[in-house]
Novice: 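I'd like to ask you about the structure that follows.
Protein chains get the first letters and strands the later ones, always in sequence-line order, with residue 1 at the start of each. In what follows, every heavy atom counts, from backbone to side chain, and hydrogens, waters and symmetry copies are set aside.
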Protein chains: 2
Amino acid sequence: MGTGMGMDMDTGTERDLPHRIAAQISDGILAGRHAPGERLNELQLSRELGTSRAPVREAARLLEAQGLVISHPRRGFFVRTLTAPQLYDMYDLRLALEIHAAGQALERIGEADMDRLRHQVGLLHGLARSARPAEQVAADYAFHRMLASLSGNGRLLKVLDDIALDMRAGIAVIGRLYDDPARIARNHDPILEALEARDPHRLAAALRFHIGEARDRVVPLFSSLPT
Amino acid sequence: MGTGMGMDMDTGTERDLPHRIAAQISDGILAGRHAPGERLNELQLSRELGTSRAPVREAARLLEAQGLVISHPRRGFFVRTLTAPQLYDMYDLRLALEIHAAGQALERIGEADMDRLRHQVGLLHGLARSARPAEQVAADYAFHRMLASLSGNGRLLKVLDDIALDMRAGIAVIGRLYDDPARIARNHDPILEALEARDPHRLAAALRFHIGEARDRVVPLFSSLPT
DNA sequence: TGAGAGCCGATTGTCGACAATTGACAGGCC
DNA sequence: GGCCTGTCAATTGTCGACAATCGGCTCTCA
């Protein structure tokens, strides 16, 4: 088993200005401050950030290669719009990656890791009644990311991170994704059980069910968007 | 099944200057003109390309997000160096993705597609005696990409493309990868047979064997590099 | 009234310049 | 002799400016 890097892909170094700007724009997109399809005005952004346009453009290039932003030559940078098939593809890809990652994780996982996973699922259950969608999404994502990181495959984790970011950006327009938090929390129990039983088959099935359900719930909802 | 885009992810539009520069740098890395770990001198590159440094920096950002290049703040951009575990991770990821993609492709594949796949494998066999490694690699890659594109998942194809580029860049230092072209060509036959038989299990096994073999051959070779 | 040509403000793409930082080199001190 | 320090060329990071281009608007004409 290979381990390209630890679970924290963070380099630890202070980040570049273009990277910080890219993070700012990312956050802006995720927070809904920039709607999908919206044009990113370089001059306006640079003024808001107190810099010139050059670092902003570099940040936009980072986001472009990451898939969050698309550049139309001579027109500028635009927040990427997601089509339903693209969203479906991302769920499909996530499914394949997470199942594979979980399988790998099974062979590397320790008791301390199991504890953290259990804790995370417990957190999910606790949040189920809190009616704070943002925290639920975060906790859900944290669990999946934790599991993926236990695969030891840093590249896989990076791909999943990119997908997660892209998905969250694209479906930020849908406010209420977590229509039944308790059910979603419960969907994580079989995953946990399969992990404890070290049963790769059940693990794959549980993930397939959970992610497949999310896909079948979100994609149709997304398809029937106003615009 | 979703289809985010066709098999040609090319936008069709004329490319940006930064994109063209990024392609140039990519090619330079793949051709071995830029060794892994080497610093990319912005001024020199811009002069060679007849532009200023701004588009070069944007190109470097594109490559950075893609993983081909890494930026050390205040130090510049460097061609990414690959470690053996990272290379292993890429093979592992490729394995998971290609198996998944092939499974999806099974349900969408037509007779015309099968013909093209057959043709490609035939080409591989023909090239096995040609002693032209570059063309063999290209033909091999073309087959795998074709199969992956038949999954209909554009995002998956993009990830595989990124990995392939990254891998080829990292192992460009190893000249002779195709020590036994005939054997590698033969490894594609079971894949083709499984496809014709519409047998997902055999298909997965054939891919696992083929890619796993490549991994077990390349990674140790890479580990024992001079520097 | 509707369509088309032409103008105009706004925005992008690129450039050259300048300040800040880095790594290397030479020189001095212990 | 080896290590530390100060200087210096080379390079990066950022900026403001300028030309090119785009989309929208208005004006004109049938």
Novice: Would you mind classifying the nucleic acid contact of Arg57(A) as base, sugar-phosphate or nothing, using non-hydrogen atoms under 4.0 angstrom?
Specialist: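 Touches a base.
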Novice: Considering only NZ, NE, NH1 and NH2 on the basic side and carboxylate oxygens on the acidic side, decide whether Asp166(B) and Arg155(A) come within less than 4.0 Å.
Specialist: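 Looking at Asp166(B) and Arg155(A), the cut-off is met.
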Novice: Could you go step by step and tell me if Leu165(B) and Leu30(B) meet the side chain to side chain contact (heavy atoms under 4.5 Å, CB included) rule?
Specialist: CA-CA 8 Å; Leu165(B) 186 61; Leu30(B) 258 60; 3.7 Å; yes
Novice: Taking ring pair (Phe, Tyr, Trp, His ring centres under 6.0 Å) as the test, write out the residues that go with His19(A), two or more places apart.
Specialist: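 His19(A) satisfies ring pair (Phe, Tyr, Trp, His ring centres under 6.0 Å) with no other residue.
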Novice: Quick one: is dA10(D) close enough that its OP1 or OP2 comes under 4.0 Å of any side-chain N or O from Asn41(B)?
Specialist: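 No, because none of the side-chain N or O atoms of Asn41(B) sits under 4.0 Å from OP1 or OP2 of dA10(D).
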Novice: Can you find a pair of side-chain heavy atoms, one from Ile184(B) and one from His210(B), that are under 4.5 Å apart?
Specialist: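 Answer yes - side chains close enough.
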Novice: Tell me the interatomic distance from Leu40(B), atom CG, to dT12(D), atom P, rounded to whole angstroms.
Specialist: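 Result: 9 Å.
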Novice: Rounded to the nearest Å, what distance is computed from the CZ atom of residue Arg53(B) to the C1' atom of nucleotide dA10(D)?
Specialist: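 Between C1' of dA10(D) and CZ of Arg53(B): 11 Å.
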Novice: In whole angstroms, how far is the P atom of dT12(D) from the CG atom of Asp16(A)?
Specialist: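 Interatomic distance, CG of Asp16(A) to P of dT12(D): 13 Å.
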Novice: Checking all strands, does Arg39(A) fall into the base, sugar-phosphate, or nothing category for heavy-atom contacts under 4.0 angstrom?
Specialist: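 The answer is sugar-phosphate, as Arg39(A) gets under 4.0 Å only of primed atoms, P, OP1 or OP2.
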Novice: Nearest-nucleotide wise, let me know which of Glu58(A) and Arg74(A) is further upstream toward the 5' end of DNA chain D.
Specialist: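 Taking each residue's closest nucleotide, the earlier one in sequence belongs to Glu58(A).
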Novice: If you assign Ser52(B) and Glu42(A) each to the DNA chain C nucleotide with the nearest heavy atom, which residue ends up on the more 5' nucleotide?
Specialist: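 Final value for this comparison: Glu42(A).
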Novice: Please determine which of Arg57(A), Glu58(A), Glu64(A) meets the side-chain contact (heavy atoms from CB on, under 4.5 Å) test together with Arg61(B).
Specialist: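 When Arg57(A), Glu58(A), Glu64(A) are each tested with Arg61(B), the side-chain contact (heavy atoms from CB on, under 4.5 Å) holds only for Glu58(A).
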Novice: Can you sort out the partners of Arg53(A) under side-chain hydrogen bond (donor to acceptor under 3.5 Å, both in side chains), two or more places apart, ordered by chain and number?
Specialist: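 Counting only residues at least two positions away or on another chain, Arg53(A) forms a side-chain hydrogen bond (donor to acceptor under 3.5 Å, both in side chains) with Glu42(A).
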Novice: When you list every nucleotide of DNA chain C with an atom under 4.0 Å from a heavy atom of chain B, which one comes first 5' to 3', and which comes last?
Specialist: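 Range of nucleotides within reach of chain B: dT14(C) to dG23(C).
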